[in-house]
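Counting begins at 1 with the first residue of the sequence. Order of listing sets the numbers, starting from 1, for every ligand and every atom in it.
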Amino acid sequence: MTFRFTTAGESHGRGLVAILEGIPAGLPVSAERVDADLKRRMGGYGRGARMKIEADRIEWLAGVRAGETLGSPIAMVVWNRDWENWEDVMAAEADAPGAERRRQVTRPRPGHADLVGVMKYDRKDARDILERASARETVARVACGAVCKVLLEQFGIEIGSHVVELGGVVTHPPSPLPRPLNAVADQSPLRCLDAAAEREMISRIDAAKAAGDTLGGVVEVVALGLPPGLGSHVSWDRKLDGRIAQAMMSIPAVKGVEIGLGFEAARRKGSEVHDEILPGLARASNRAGGTEGGMTTGEPLVVRVAMKPISTLMSPLKTVDLKTGGVAQAQSERSDVTAVPAMGVIAEGMLALMVTQVMLEKFGGDALSEMKRNYDGYQSQIRARAPAGAAS
Ligand code: EPS
């Protein structure tokens, strides 16, 4: 069974479409459960006016009947409420001869896809690029990720995230992290587990807003309850850590990904990096962040994702007007001051998609019941290899 997902949709177009293929039959799902993640994605202090307009909700188009998946491609749509204000700007039909579209963009924003996009796709209006490059597209990814989370829950796997850095403020989160992680993180305005750091982040967001500027940050995404051996060491494209890095880097504005110690591992000696193996095959630490050799170790998977500040600035940077070739100020439209908390929810979705992919590769099955039998058989194999608490 091929596992794949794709999305379609422009930020101010009619809506966003998500197609998810390879989920086994018999998985109980509900729109309510998917919508809960869409709502989490819309939140976070520092979001702009657009999120007051939207109320993201999926409609099932295919692949689900009587509350269960059918094993066929799952299709979902999320309608854009703001589309009503953009109907003429985004209309698919050709314009009358000589007519000019409203809201054309010819002053590309440094940092956005605007400039390279118009050159590569040979467009005059950068709106033809930015509408798809917008992070609005991640609604559809989060919808696919939410279905995957429901599948993973069937195997006791939990995925959560929290903000660990924003606008240069670094948090000191509790250790161990609370469980379930999201039940606590979602209660805070920035999805952050350090109240003092959060207060400082909020004042920096307020200051950035007043200055017409934007802020980036770092999110930690954690997956718990994974069996050892998901992914593979045998080929470059089967390594789970490599796939996670690609998935995270594909989120708009993401510039860096670390697993476990990440870059810090490069600064330490080997004896201070690797996790010693204890009787019963437990680990003394989890500095690897849950992967060795491109496979899960069975320890928590810990991924850190860094996001640059959003490139739409209300106090714009210099650019060139593509119509005149003259110096200009970049387009400044309504936008967010920061979307780091939302990025955490998107990163959860991307991690859920990547973990689902390796779970399906290993345990497969057309039906959930078949996948569970395969999973249980493997668990017995692992238990026989590592009897709990066995001493040497
Ligand atoms: C975005 C600009 C803003 C954000 C948008 C991403 O939208 P608008 O231009 O309509 O104000 O709110 O994010 C979303 C709409 C979303 O759902 O996350 C951009 O330029 O990337």
Is NZ or CZ of Arg57 both nearer than 6.0 Å to the six-membered ring centre of Trp79 and within 45° of the ring axis?
no

Using a threshold of 4.0 angstrom between heavy atoms of the protein and any atom of ligand 1, which residues qualify?
His12, Arg41, Arg47, Arg50, Met51, Arg109, His112, Ser134, Ala135, Arg136, Arg334, Ser335, Asp336

Do Met42 and Val345 make a side-chain contact, defined as non-hydrogen atoms from C-beta onward lying under 4.5 Å apart?
no

For Arg132 and Thr7, test the side chains for any donor-to-acceptor distance below 3.5 angstrom and give the result as yes or no.
yes

For a quick test of your reading: what N or O donor-acceptor pairs under 3.5 Å do the side chains of residues 249-262 make, sequence neighbours left out?
{"from": "Ser250", "atom 1": "OG", "to": "Arg141", "atom 2": "NH1", "distance (Å)": "3.0"}
{"from": "Ser250", "atom 1": "OG", "to": "Ala247", "atom 2": "O", "distance (Å)": "2.7"}
{"from": "Glu258", "atom 1": "OE2", "to": "Phe263", "atom 2": "N", "distance (Å)": "3.0"}

Any donor-acceptor N or O pair under 3.5 Å, side chains Arg109, Thr319
no

In this structure, which one of Glu10, Arg50, His12 forms a side-chain contact (heavy atoms from CB on, under 4.5 Å) with Asn80?
Arg50

